[in-house]
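Report on the structure given below.
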2 protein chains.
Amino acid sequence: MSKRRISIEDIARRAGVSHSTVSRALRDNSLISPKVREEIKQIAKEMNYVPNAIAQSLQNQRTNTIGVVVTSIADPFYAEVVEGIEKVAKSTGLSVLLSASHRDFEQEIAAIDTFHRRRVDGILVADSRINKHHTKQLEQIAVPTVFINSQTEDQPDIFHSVEINDRLGAKLAVEHLISLGHTSIGYLGVGDRSRSNQQRLEGYRMALTEAGLPQSNNWVAISDEDNVRISDVATGQQLLSKLVIAGVTGIFCYNDMIAIGALLGCQELGISVPQDLSIVGFDGIALSRYVTPPLTTICQPMLEIGSSAMQMLLDLLEEKSVENRVLSPFLVKRGSSAAVNKGRRQEAEGRR
Amino acid sequence: MSKRRISIEDIARRAGVSHSTVSRALRDNSLISPKVREEIKQIAKEMNYVPNAIAQSLQNQRTNTIGVVVTSIADPFYAEVVEGIEKVAKSTGLSVLLSASHRDFEQEIAAIDTFHRRRVDGILVADSRINKHHTKQLEQIAVPTVFINSQTEDQPDIFHSVEINDRLGAKLAVEHLISLGHTSIGYLGVGDRSRSNQQRLEGYRMALTEAGLPQSNNWVAISDEDNVRISDVATGQQLLSKLVIAGVTGIFCYNDMIAIGALLGCQELGISVPQDLSIVGFDGIALSRYVTPPLTTICQPMLEIGSSAMQMLLDLLEEKSVENRVLSPFLVKRGSSAAVNKGRRQEAEGRR
DNA sequence: ATGAAAGCGCTAACAT
DNA sequence: ATGTTAGCGCTTTCAT
């Protein structure tokens, strides 16, 4: 299987030159005469020479590799983000090492540490749990790092970031429901993504306040932080009834998976969407288009989040100065939201 | 940013020993006295030493890295497979380089080539297009390689593989429809995944033949190979009407995305599933559970496909002998399939 | 235009 | 138990 690999020394021997000549020839160094250069390239091809990127990396102090940490590879949201990352990485000759953190601080640190040992040129971390307290322990990482939708409240300013404007997204969602005539609007959130959940909750409240609409603690349901073992879908399904009992006619969900859980919950309870209840999600994952009814949602430009984080990393590698980016999400209206229907709603309530 | 990194020489100098002593101490070599060993480890920690995996790789002729090629990172099926791969890779201290081929032969080769240059210890390729004709060009890869659900008819036998039993899966699907009383059963396939499509088609035919049921070319619709730019969902949606017109009461779809397209098509045409038409998918992606009605489908054990391919690779790395694996898919009955309803069906036809 | 030699950071065989 | 030396495969001065 592993007959030793061909090296430039082997080629040099065959060509009757020194190995440095071979190195130069293969790299199109202008010092080498065109003739020998071609000869050497020919021999290299005949011998099936494949340059050893490890040796090059050691010498060049550059691995042309970046590390990417996501919560889960199978998460449809981050899968799309990684797709965007990989695309621009590939176009610049960079390879990507991928690792999953499962929203666990320890695993996130372990992944970064591995990347560090492997001397990646840069790191991208999605949904990071790292905050200022850990800065000390991490500042010697000395590798350009970009955070994507960081979950940390106060982010170390030595790092860079690409974020979605969660508050704006939430406002857009709630304003949409308001424009449809809803006045009792609920929020279905998660307990284990502190920052984004907080921001979306704020956007939700802000929209209600600006519209002069009432608020109530009964209209807000957020999953227990410790209860996060279960999936977002299950969370949405479980928490739905609380809001339904509280009498909301529209619900803004933390994300699409929660919203789908809510949709499922509605089926169980015999509530029809959007006639009896309007539901709005967040993220815009492919799935949101295919459920019934198709989900009205706040779309994040997932590919762009990935590609622009990667682009930022490239700029950092070239020592350009970069500015943190905050991208704007946008509303996509689909079938799960409709004008409020007070009659139907009350009738539905009476039925219970 | 990049103040030079601490090396074992730096530690050696501080500790007043030679760099090889440091190397040994850090690796718990028993030759080093416990006392100096601890001293050295202490100093290393103080200096924030991070071993250079690149230098280790060059010396050890092992990168502890594997390369994974999938058609698309955002593909929900392969995302799940990669999740399985990464999990066992991480547990054995291996890192994974990920690359997308987009079902394109050139890109697949390019990715493998990059892995080759980077001296990965092993390679996993999903949906490979490589066949015996390319063996010559690839046999010097000399890196343990495992194919996952290869798309190639005659696979080079120097490579190993983990596959799903497509024919069995298709049979299961069709037998399920038959057991529900369906006698006119269609197949909705794809033109750009030659092998798996072929196998599933065979399984479909086999089941019909064994049951003594009629077959018809009008009951089989397969997308043009050149028309593959469009998504599987769109394919399913477009091709549906042909089978409907041909009068089938049940359809087995190449995969879940096609099936979802078919579901969408049914909505457009006012056909209710499963009352008027039963639909069965293939893959068992998360999505299949959440559409309406939830999709009856043939599940592939995605995580297991990933982990067992990875396990096979590990065995190969330890020079154990391995055997190719063929995993069995299984039927999951959900709402999209039901007993045939001839009355309703004919009525629906009359309506048109 | 080409070769000799040093060195990237590490491991390991060979001294002692 | 520790130091010396020689690589791993490459790039890059510095000679010539």
Side-chain angles (χ1 to χ4, degrees), chain A residues 2-41 43-44 47-65 93 116-121 142-143, chain B residues 2-41 43-44 47-65 93 116-121 142-143:
Chain A
S2 322
K3 34 199 170 189
R4 229 192 81 276
R5 281 272 155 56
I6 302 299
S7 74
I8 52 172
E9 317 253 5
D10 299 320
I11 299 174
R13 213 169 301 126
R14 256 284 270 280
V17 297
S18 78
H19 74 278
S20 36
T21 299
V22 173
S23 172
R24 290 182 181 115
L26 293 178
R27 316 179 67 254
D28 289 318
N29 185 309
S30 57
L31 289 177
I32 306 297
S33 73
K35 184 166 152 280
V36 275
R37 189 190 315 175
E38 288 317 310
E39 269 173 28
I40 288 175
K41 285 190 172 179
I43 295 178
M47 297 179 82
N48 290 317
Y49 171 69
V50 178
N52 185 327
I54 298 297
Q56 293 175 319
S57 294
L58 185 57
Q59 171 63 236
N60 298 338
Q61 302 285 56
R62 203 171 196 285
T63 55
N64 292 311
T65 302
H116 199 189
R117 281 195 302 104
R118 293 184 181 275
R119 299 296 192 264
V120 297
D121 297 333
V143 170
Chain B
S2 319
K3 35 198 168 189
R4 229 190 84 276
R5 279 270 155 57
I6 303 298
S7 75
I8 52 172
E9 315 255 6
D10 299 320
I11 299 175
R13 213 168 299 124
R14 255 287 268 281
V17 297
S18 78
H19 75 278
S20 41
T21 299
V22 173
S23 171
R24 288 181 183 117
L26 293 177
R27 315 178 69 251
D28 288 319
N29 184 310
S30 58
L31 289 177
I32 306 297
S33 72
K35 183 165 152 282
V36 275
R37 190 191 312 175
E38 288 318 311
E39 269 172 30
I40 288 175
K41 285 191 174 181
I43 295 179
M47 298 180 83
N48 290 316
Y49 172 69
V50 178
N52 185 327
I54 297 298
Q56 292 175 321
S57 294
L58 184 58
Q59 169 65 235
N60 298 338
Q61 303 285 54
R62 203 171 195 286
T63 55
N64 292 310
T65 301
H116 198 187
R117 282 194 301 104
R118 294 184 180 274
R119 298 298 192 264
V120 297
D121 297 333
V143 170

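Below, chain A is the first sequence line, B the second, and so on; all start at residue 1.
Considering only side-chain N and O atoms, A/Ser20 lies nowhere under 4.0 angstrom from the phosphate OP1 or OP2 of C/dA4. Contact between the side-chain N/O atoms of B/Arg5 and the OP1/OP2 oxygens of C/dG9 is not found at any separation under 4.0 Å. Close to D/dC10, at under 4.0 Å from its OP1 or OP2, lies no side-chain N or O of A/Arg24.
Of the candidates C/dG9, C/dT2, D/dA1, C/dT2 carries the atom nearest the A/Leu31 side chain, counting heavy atoms from C-beta on. Considering only the side chain of B/Ala55, C/dC10 comes nearest among D/dT12, C/dT2, C/dC10. Of all nucleotides listed (C/dA4, D/dC10, D/dG3), D/dG3 comes nearest to the side chain of B/Ser18. Side-chain proximity of B/His19 to the nucleotides C/dA12, D/dC10, D/dT12 is greatest for C/dA12. The side chain of B/Thr21 lies closest to D/dG3, out of D/dA6, D/dG3, D/dT11. Here D/dC10 is the nucleotide among C/dC8, D/dG3, D/dC10 with the atom lying nearest to any side-chain atom of A/Gln56.
By the 4.5 Å heavy-atom criterion applied to side chains, A/Arg119 and A/Ser57 are not counted as neighbours. Residues A/Arg62 and B/Ile54 have side chains not in contact (no heavy-atom distance under 4.5 Å, counting atoms from C-beta outward). Counting heavy atoms from C-beta outward, A/Asp28 and A/Lys41 have side chains that approach closer than 4.5 Å.
Nearest-nucleotide positions on DNA chain D place B/Asn60 closer to the 5' end than the other of A/Arg27 and B/Asn60. If you find the closest nucleotide of DNA chain C to B/Asn52 and to A/Val36, the one lying nearer the 5' end belongs to A/Val36.
For the residue pair B/Thr21 / B/Ser18, a side-chain donor-acceptor distance below 3.5 Å is found, with atom types taken as modelled.
In this structure, B/Ile11 atom CD1 and C/dG9 atom C1' are separated by 11 Å, rounded to whole Å. As rounded to whole Å, 14 Å separates atom C1' of D/dT5 from atom CD1 of B/Ile8. Rounded to whole angstrom, the span from the CG atom of B/Asn64 across to the P atom of C/dT11 amounts to 12 Å. The nearest whole Å value for the distance from the CD atom in B/Glu39 to the P atom in D/dA1 is 15 Å. If you measure from atom CZ of A/Arg117 to atom C1' of C/dC10, you get 13 Å, rounded to the nearest angstrom. Remark: C1' of C/dG3 and CG of A/Asn29 are 14 Å apart, rounded to the nearest angstrom.
Among the atoms of the strands shown, base atoms are found under 4.0 Å from some heavy atom of A/Leu58. Within 4.0 Å of B/Ser23, counting heavy atoms only, lies at least one base atom of the nucleic acid.
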